[in-house]
Amino acid sequence: MADIAYCVKCKEKRDMKEAHQITMKNGKPALQGTCAVCGTKLTRILSSQKA
C-alpha cells in the first residue's frame, strides 16, 4: 500500500517516495518522505494509536 500525503506545491494528494516513520517534538508519530512528482518534502501526521 502506498503512503499518501497532501503536497503543498502540487496542491493534490500524492504518493510518498522513501517514506519513513518519525516522532515529532511533541511525541506524536508521523510519516515523512518526498513527493513522487515534484520532490517536495511531505509529512503526514499519524494517530498516536498506530504507533
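Positions are given from 1, in the same order as the sequence printed here.
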Taking every non-hydrogen atom, the tightest pair across [X] and [Y]:
X	Y	value
R14	L42	O-CD1, 4.5 Å
G33	M16	N-SD, 3.5 Å
C35	C10	SG-SG, 4.0 Å

In Å, rounded to the nearest 0.5 Å, how long is the span from CG of D15 to CG of D3?
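Separation between the atoms: 8.5 Å.
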
In chain order, what residues pass the salt bridge (charged side-chain N to carboxylate O under 4.0 Å, His left out) check against E18, with sequence neighbours excluded?
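Per chain and number, E18 pairs via salt bridge (charged side-chain N to carboxylate O under 4.0 Å, His left out) with no residue.
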
Of all residues at least two apart in sequence or in a different chain, which pass the side chain to side chain contact (heavy atoms under 4.5 Å, CB included) check with I22?
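Residues passing side chain to side chain contact (heavy atoms under 4.5 Å, CB included) with I22: H20, A30, Q32.
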
Apart from V37 itself, what residues make up its hydrophobic cluster, given side-chain heavy atom links below 4.5 Å?
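Grouped by the 4.5 Å side-chain rule, V37 forms a cluster of one, so the answer is none.
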
